[in-house]
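Here the structure is laid out as C-alpha cells; the discussion comes afterwards.
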Number of protein chains: 4
Amino acid sequence: MSPRTRDQIDEIRKQSRASIQSAALKLFAKQGFHNTSISEIAREASVSKGLIYNYFDSKEALLKSIIESAMNVGNQLIGRHLDSSQDPMQSLAEMLDEAFDMVEANPKYWKLIMSLSFHQDVMARFKDEIDQQQIKNIGLITGLLERANVEEPEKEAMLIAAMSDGILLHFIHIGPQYPLSEMRAYIKERMGMNRI
Amino acid sequence: MSPRTRDQIDEIRKQSRASIQSAALKLFAKQGFHNTSISEIAREASVSKGLIYNYFDSKEALLKSIIESAMNVGNQLIGRHLDSSQDPMQSLAEMLDEAFDMVEANPKYWKLIMSLSFHQDVMARFKDEIDQQQIKNIGLITGLLERANVEEPEKEAMLIAAMSDGILLHFIHIGPQYPLSEMRAYIKERMGMNRI
Amino acid sequence: MSPRTRDQIDEIRKQSRASIQSAALKLFAKQGFHNTSISEIAREASVSKGLIYNYFDSKEALLKSIIESAMNVGNQLIGRHLDSSQDPMQSLAEMLDEAFDMVEANPKYWKLIMSLSFHQDVMARFKDEIDQQQIKNIGLITGLLERANVEEPEKEAMLIAAMSDGILLHFIHIGPQYPLSEMRAYIKERMGMNRI
Amino acid sequence: MSPRTRDQIDEIRKQSRASIQSAALKLFAKQGFHNTSISEIAREASVSKGLIYNYFDSKEALLKSIIESAMNVGNQLIGRHLDSSQDPMQSLAEMLDEAFDMVEANPKYWKLIMSLSFHQDVMARFKDEIDQQQIKNIGLITGLLERANVEEPEKEAMLIAAMSDGILLHFIHIGPQYPLSEMRAYIKERMGMNRI
DNA sequence: GATGAATGAGTGTTCATTCAT
DNA sequence: AATGAATGAACACTCATTCAT
C-alpha cells in the first residue's frame, strides 16, 4: 500500500544497474561495442530496453561506466604497492604477479578494455587520465629500479612495461595455450627480479 | 567508341580496385571500421557507391582484402631474413629495425591493424593463418638464437616478440613523443643484439 | 495514524489536482504540449508520475481539463456583460477591455490556448461548444450594436470579433513591444465605442 | 547500360523532392507536425523512409522547406504591389483580394502555416525574417494610407493587418460556412477602400 | 565499367502508461 | 493517497546493399 522506502529503492537501483552493466560487459567483451545492440543487452539482462535509459544516459555512457570501473581496478592495483618499504625488486615482482593474475582471471574483460583503447572516440575522454596513470606507473617502477641500483632505470622501466603489455597482448589473442606462467617466471628471472 | 581491349579493361579494374582499397584504408585507419560508411569511402575514392560492389562483395570483404595486404607485408618482411647466412644476432637486429621502421612510417595503419586484431568476427577467418605466421616467426627467431648459443632460446624468442609488440603498442597509443628510437636501441643492447 | 476524514481526503485531492493542472499549464504554455513530458510535469508539481494518473486518465485528458478551465473563464467574461442595462457601446467597450486585460495579464497562457485551437484532435471534442460560444458572442455583440442603431450590426459584430482576435494574435506573437494599449484605444475610437 | 545523364538525375530528384514535400504538407496540415511520422509521409508519398533523408536532413528540415515556400509566396504577393503607381486604396484592395483568394483556395495549407507560427522551436529561425516581413508590410500599407490622406495611417495600417488576419483566423477555424466574401466586401467598404 | 536513386532492416532513444509496494 | 521502477510501442534516423539506366 505504501510506497517503497528510500533504502528499498536504492537497493533495487543498485542491483538493476549492476545487472545491466554486467550484461553489457559480457556482450561487449564477446562481440565488441559496435556489434552489440541495446536490445541485446536488455535481453541478456532480462530487462526492458527502456530501463537501461533509467540508469545510463546513452549506450556510450554505459560503456564509459564500465571503463571507469576497469580504471579504478588498475589504479588500486598500483596504489597497493606505492608505500611498500620492502625490497624494491620484490615489490616489482609482486606488482607483476598481481597484474598477470588479474588478466589471467578474466581475459575476456581485459581483451575488451584493450580493444576499447583503440576506439579513438570512446577513449578521448579518458586519454589524459590514462596518460597520467601510465606516467605514474613508469615513474613508480623507475623509482623501484633506482633503489635497486639498476642502470638506465627509466628505460628499463619502460621496457618492463612494454614487455608486460606485450605478453598480455599475446595471451589475450592466443588464449589458454599461451604459456603465461612460464613467461611470467622467465620475465622475472631475465629482468633480475628474483635475485634472492 | 571502339570497345576496350581485354588489357585495358584489366588495367582499369586493377586501378579502380586499388584506389578503393586505398581510400578505405585511409578512412578505416583514421576513424575506425564501424565509423566509416561506404558513402564516405566512395567519396574519398571519387567513385560511386555502386562501383565498390563491383569489386568487393561487401564492406567486410573490402576490409578483409586490406588485412590480407597487411599480412603479406608482414610475411615478406619475415621472408627477407629467413635465408640469411650472416651473424644471427645481426639478422635479428635487422628484422627488428625493419619492423620498427615500418610502424614508425605509418603508425595509423598499424594502429588500425592492431585494432582489428581485436574484432573476433573479422579476424576469425585469419586466425589460423596468423597463428601459423606467429609460430613461424617465433620458430625463426628461436633458430637464430640457438645459432647464437643463447640459453632458453624459445622463451627468449617469445620475450623479444612480446617486447617488440609491447613497444609498438605503446608507441601507437602515445604517439610521436614516445622515444621509439631510444627504445629500439635499448632493446638491442639489452637483448644482446649488438655485441659486435 | 488515525485515518483521514472524508473531508480531509477531498481537500487533499482537490489540491493535488490543482497543483498538477497548474504545473502542466505552466509547462504547456512555455514549451508546448508535445514538448512537455509527464515526467516534467510531475517534477514541476513536486509529485510522482504515478499520481498524475490518479487524477487524470491520460496526458491528453489533463490537457482537456485545462482547456475546459480556459473556456469557463471565457464564458464567464461574456456572462458578466449579458444582462447589462447600460449604454450598449459602453458594454462593448468594457467587454473589449476585459478581454484585452486578460490576455495582457497572461499572454503565454492565451498563446497556448490559441495554439491548441489548431490541434484538430485535441479540439474536436470542444468544437461544438466553442462554435456555440462564438455564435452566442457574435449574437450578443450584434444585439448591442442593434440597440446602438449601428448599420449592418451582424457584419460589424463579426468585424469587431475578427479585429480583436487579430490584434491579440499579433500581440501574442510580437510580445510586449506590440502597442496593445494604443490599438485598444484606437479600435474603440474607430468602431465608435467612445462617442460619449 | 550507361549511367543516367545529369539532366535525367536532376529531373528525378526534383520530382521526388516535390512529391515528398507535397505528402508531408498534406499530412502536416491534416494532423499536425508532431502527430505525423516520417513513416506516414513515406507511405503517403509512396516512397521509402530512407529516401526522405536523401532529400532532407531531418523531419524538421523538411518542415522548414515547406515554411520557406510559404514565405516566398507571401513575399511575392507583397512585391507585386510595391511599385504600383495607381490609386493607393485600389492597391490596398487588390492586396487584400489576393491574400483572401490565396487562403480561400487552400485553407488547410494556411491553417498549417498559422498553426506552425505557434511552434516556438520551429519558428525561432524564421522569427527575424517574419518580423522584417511584417514591418515591411505595415510600412507599405502605411505608405499607401498616407498617400490617400488617411488620418493616423500607421494605426490604421496595423488595424487592417489585424483585421485581415483575424478574419482569416476565423475562416480557417470555422470553414466554408464562414461568410468570407461578405466580410471581404464589408472590410473594404468599412475601411474606405472602395470610394470610387 | 559506372552511376546514384531507392530500399528497408536495424539502431539508439523517448515517453506515456502500469503496477507492486 | 502516493511512489518510482519497469515496460514496450513508437519514433527519427543511418547505412549497407540493390538495380535500372
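Naming convention: chains lettered A, B, ... in sequence-line order (proteins, then strands); numbering from 1 in each chain. It should be emphasised that the depicted structure is a prediction, and the values quoted were computed from it without experimental measurement. All values below come from the heavy atoms of this structure, side chains included, with hydrogens, waters and symmetry mates left out.
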Does a side-chain N or O of Arg4(D) approach OP1 or OP2 of dG4(E) to a distance below 4.0 Å, or not?
no
How about CG on Asp57(A), more than 12 heavy atoms from neighbouring residues, nucleotides or ligands closer than 6.0 Å, or not?
no
Candidate nucleotides dA2(F), dC13(F), dA6(E), ranked by approach to the side chain of Leu51(C) - the nearest:
dA2(F)
Select one nucleotide: of dA2(E), dA16(E), dA9(F), the one nearest the side-chain heavy atoms of Lys49(A).
dA9(F)
If only atom types and distance count, is the side chain of Arg17(A) paired as donor or acceptor with the main-chain N or O of Tyr55(A) below 3.5 Å?
yes
Of the listed nucleotides (dT17(E), dA2(E), dT11(E)), which one gets closest to any side-chain atom of Ser37(A)?
dT11(E)
Would you indicate what Ser46(D) reaches in the nucleic acid, counting non-hydrogen atoms under 4.0 angstrom: base, sugar-phosphate, or nothing?
nothing
Ser65(C) side chain to Leu62(C) backbone, donor-acceptor under 3.5 Å
yes
Restricting to ring pair (Phe, Tyr, Trp, His ring centres under 6.0 Å), what partner residues turn up for Phe118(C), sequence neighbours left out?
Phe118(D), His173(D)
Can you give the dot-bracket line for DNA chain E, where a pair is Watson-Crick or G-U wobble with both atom distances under 3.5 Å, crossing pairs use [ ], and | marks a partner on another strand?
.||||||||||||||||||||
Roughly, in whole Å, what's the span from CD1 in Ile12(A) to P in dT3(F)?
16 Å
Please determine, for the side chain of Tyr53(C), which listed nucleotide (dA2(F), dT21(E), dA16(E)) has the closest atom?
dA16(E)
The side chain of Arg13(D) lies closest to which of these nucleotides: dA2(E), dA2(F), dA5(E)?
dA5(E)
Minimum-distance nucleotide (side-chain atoms of Ile38(B) versus dA2(E), dA16(F), dA6(F)):
dA16(F)
Looking across every strand, which nucleic acid part, if any, lies under 4.0 Å from Phe56(A) by heavy atom: base, sugar-phosphate, or nothing?
nothing
Under a 3.5 Å distance rule, please check whether Lys59(D) uses its side chain to pair with a backbone N or O of Thr36(D) as donor and acceptor.
yes
Angle between ring planes, His34(D) versus His34(C), binned at 30° and 60°: parallel, tilted or perpendicular?
parallel
Which part of the nucleic acid does Ser58(B) contact within heavy-atom distance under 4.0 Å: base, sugar-phosphate only, or nothing?
sugar-phosphate
